[in-house]
Each structure stands twice: as structure tokens, then as C-alpha cells.
2 protein chains.
Amino acid sequence: MKNMATSNFKQAPRSETAEKILDLAEMLIQTRGCSAFSYKDISDVLGVRKAGIHYHFEFKTDLGVAVVDRYTEPFGKALANIAGNKSSSSMAMLIARYAEFADTPDRVCLCGALAGEIPALLLKLRDRVDRFFTTHQWWLAEIPKRAVARGEFKLSGSASKTARLVFAALQGALVVRRTTADASQMTDIISALKSQLASA
Amino acid sequence: MKNMATSNFKQAPRSETAEKILDLAEMLIQTRGCSAFSYKDISDVLGVRKAGIHYHFEFKTDLGVAVVDRYTEPFGKALANIAGNKSSSSMAMLIARYAEFADTPDRVCLCGALAGEIPALLLKLRDRVDRFFTTHQWWLAEIPKRAVARGEFKLSGSASKTARLVFAALQGALVVRRTTADASQMTDIISALKSQLASA
DNA sequence: GTCTATACAAAGATAGAC
DNA sequence: GTCTATCTTTGTATAGAC
């Protein structure tokens, strides 16, 4: 787990079209999943032929990897930021940040969406999803540990188990919310999570 | 929410081949998702042509609906059973049952998998997933309420909020576990969940 | 460097053989 | 009632035009 905090995915600067393709692909994966979207979905919107997309991203898996890398980077920064914050509510900040980041209606966490079809993905992409999850759960354990060290609150159970619960609940909440299209699905779960943590 | 407990999906008796198709489709949806599997995946195993599957299930959506209905029925019965049980550990039974039901490595909850690609599904199938989730969360609120009524334990927060947290955590746990292929992902979350509920 | 025309395979579904 | 042969559309990818 060494150097987990600083693992990064530096990205080459990209053309404007490439960024638009990434935007659309990200949205499509989050709403429909990776297998259910095609280059046509993207080319239709951009007004080029399907093959035009292949120039920017030769294979679909490459496109998927690029989307994940771009998605992952600011997320990791936000977590590091929260961990460094010395104020008294880092855990709440963390949950809020997480919820907000995936706050677009109909979207789940990008990596949550991909995790749902892991066996259908090529290894390269699978690894990215795996890494995203591992990193996040590491942070979710690390942040409360630091808060405890600062005397912010006490921890009853194991930090890593609690971290896993929080992470799973957030990922699951995004999925459940989608079926009912009911925003309270998300807010209820977050409030339950907070009150559980407060008493821990 | 009336009659939620008894909503049922009666099923016509089916040929042996049809049952085999359902078995395979269920497995494929749980591992790869609905969009990522095709009739060919099934016909290859069964040793018939793709069109042979279409005889048993004319459209892919029909197959999906049949899979969900078959999956849903015993699940609902198990929940009703647990709710009726007068022993002292219904909540634990519930969680155990839930975990066990989806205990096959690499599989997530069937409806969790489908929820991940809701916008890519036809309405008929979407409704089934929606109903599964609604029913389950109803039970997850109802079961602790009954336990409280029997003096099994006290409830600090709202029952329905807690129910939503439990449900989301279990769904999320199944997804997260898959990426890491680490069984402790599931057991850690369940144990964290139980200890949270015990203190509630 | 950017895109179009085209190829090739796989998808879902129909019509008809047994 | 059960399955095969076949059709059409869509999906991914290559080769080549501008």
C-alpha cells in the first residue's frame, strides 16, 4: 500500500475534439455502461463518421482507459486535500465531496459502473478500476485515522472496516437511487451514514 | 406501498431447455451485464444456433424479464420468512441470507447489475428492477420494525433510513468485492454493518 | 493531423424446414 | 413444438483521401 497517496496518472495534453469525445464517453459509461455504448453514439453528436473517433482513440479500450484516468486524477487530489485539512469535519467533507462528485442525475460513479461489468472488460481497463477502488478505500481509512489523531473523534471499530462500509454504501446508494429516480435515496443513506459514524 | 409483501410473479411451467437458457442468462447478466452478453453466448453452450434461443424467448428483453422474475420470487419468500420468524436475530438472518444469496464469486445481485445500465434497458425490464429494489427496501425497514415490536432491540434512527443504508451497503459491497476478488471485502462490510446496527 | 469510405464480424430477429 | 438457414442492422476496425 506504499505510496498510495501519490500514485498518479499524468495526462498528455489533448485536442479539443479528444476532450469532447472523453466527455461524451464518460457520460455514456456512467449512464449506460461500457458495453452498451458505441462509437456511433459519440460520432452522431460530434457530427463526424464513426471512424473519425477511431483516429483519436484507436480502440474502445483505450478510450475507456483515458476516461478513467481523467476521472481519477481530480478525485485523488480532492481526497488528499480533505486528509490534509485540519478542521473538525473531514469525514463529513469526505462524504459530501463524494456525493457531490457523482451528483449528476442518472450517473453512477464511473468506476462503479465499470465494476459492474468487470469480466467483460480487457485487463488494462480492469486494472484501472481495481486501482481506483483500492486507492479510495485506503483514503477512506486514512482520513478518519488522521481525524482521530487530531482528537476529532473516537473510533469504535476498525478504521478499514468502517472505510469499506462507507465506500460500499456510497457506491450502492448511487446505483439504488437510479432505479427510483428519488434523490432522497442518496440523502437518506448519507444521513444514516453520518449518524452511524457520529456514534462510533 | 400496500400489499408489498405479497406482490408475486407467478411463473408458467417451462421446458427444460428454457430453464437452461434462464440459468445461463442469469449467470451472464450477473457477471457481464445485460448489454454485454448475446444469444450466441448461450447458444454456444447449449449447442444450438442463435435462432434456437429466439424460439424460447422471442426478444432479449423478454429473456431479461423472465430471468428477473425467476430470481425475484424465492428472494421475496425468504424475506417474508425472516419477517415472520419470532426468534431473536431476524436482522442478522436477513443480512446473512442476503449475502449468501449472492454469494457466487464474480456475481453481483442480478438487479444490482441491471440497475447499473438502467438507461440502456427497455421500460418493461426497468420496471422489474425498480420493483425489486422498492420491495427489498420495504422489507428491510419492516423487519427491524417487527423486531423492535417484539422487544428484540431498539432503534435509534429512522427504520427506513437504516434500511436504505443496509441495502445500499450490501449492493455496493458486491460490486466492490468483484474488482479486488477479495472475499474480506464482503465480510468486513457485513461485520461493520452488524456492529453499527447492534449499537443503534 | 484529421476525417471519410469501406470492410468485416457480430448483433438481434424473421421465415421457413423438420 | 423445436430448431436451422437467412436477412438486416449495428459494432469495431483498417486503409486511404484530403
Side-chain angles (χ1 to χ4, degrees), chain A residues 11-68 113-114 117 119-126, chain B residues 11-29 31-68 113-114 116-126 128:
Chain A
Q11 272 146 65
R14 259 188 275 262
S15 77
E16 217 168 294
T17 311
E19 288 292 339
K20 278 182 196 161
I21 293 171
L22 289 171
D23 288 341
L24 285 165
E26 181 178 308
M27 182 268 288
L28 287 164
I29 294 173
Q30 286 185 298
T31 52
R32 313 170 56 83
C34 197
S35 310
F37 92 90
S38 79
Y39 275 30
K40 183 174 183 299
D41 298 324
I42 295 172
S43 68
D44 280 351
V45 176
L46 259 60
V48 294
R49 305 282 147 181
K50 283 185 292 176
I53 314 298
H54 279 278
Y55 163 70
H56 296 278
F57 300 94
E58 193 173 0
F59 303 105
K60 201 184 175 187
T61 295
D62 296 338
L63 175 55
V65 168
V67 168
V68 172
L114 290 167
E117 41 187 349
L121 305 178
L122 294 186
L123 185 63
K124 219 191 294 182
L125 195 43
R126 273 212 295 265
Chain B
Q11 270 147 64
R14 260 188 274 261
S15 77
E16 218 169 292
T17 311
E19 287 294 339
K20 277 184 198 159
I21 293 171
L22 289 170
D23 288 341
L24 285 164
E26 180 176 309
M27 182 270 287
L28 287 163
I29 294 174
T31 53
R32 312 169 57 83
C34 196
S35 310
F37 93 89
S38 79
Y39 275 30
K40 182 173 183 297
D41 297 324
I42 294 172
S43 68
D44 281 350
V45 177
L46 259 58
V48 294
R49 307 282 147 183
K50 280 186 296 172
I53 313 299
H54 279 279
Y55 163 69
H56 296 278
F57 299 94
E58 193 173 359
F59 302 106
K60 201 185 177 188
T61 295
D62 295 338
L63 175 55
V65 167
V67 169
V68 172
L114 291 168
E117 41 187 349
I118 283 275
L121 305 178
L122 294 187
L123 185 62
K124 221 191 293 184
L125 193 44
R126 270 211 298 263
R128 290 296 204 280

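Values below: every heavy atom of this structure, side chains too, minus hydrogens, waters and symmetry copies. Convention: sequence-line order gives letters A, B, ...; per-chain numbering from 1.
- When the salt bridge (Lys or Arg N to Asp or Glu O under 4.0 Å) test is applied to B/K50, no partner is found at least two apart in sequence or on another chain.
- Under the rule for a ring pair (Phe, Tyr, Trp, His ring centres under 6.0 Å), the partners of A/H54 that lie at least two apart in sequence or sit in another chain are A/Y39.
- No donor-acceptor pair under 3.5 Å is formed between the side chain of A/D44 and the backbone N or O of A/D41.
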* To do: Using a 4.0 Å heavy-atom cut-off, write out nucleotides 7-12 of chain D from 5' to 3' as B (base contacted by protein), S (sugar-phosphate only) or - (no contact).
  => ----BB
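- Among all heavy-atom pairs drawn from B/L121 and B/L114, the shortest one is CD1-O, 3.6 Å.
- Counting all heavy atoms, side chain and backbone alike, B/K60 lies closest to B/C34 at NZ-O, 2.8 Å.
- For A/S35, the side-chain contact (heavy atoms from CB on, under 4.5 Å) partners two or more places apart in sequence, or in a different chain, are A/E117, A/A120, B/S35, B/A36.
- The outermost nucleotides of DNA chain C lying under 4.0 Å from heavy atoms of chain B, listed 5' to 3', are C/dA11 to C/dT14.
- By the side-chain contact (heavy atoms from CB on, under 4.5 Å) test, B/R14 pairs with B/Q11, B/A18, B/E19, B/L22, B/F57, B/A66, sequence neighbours left out.
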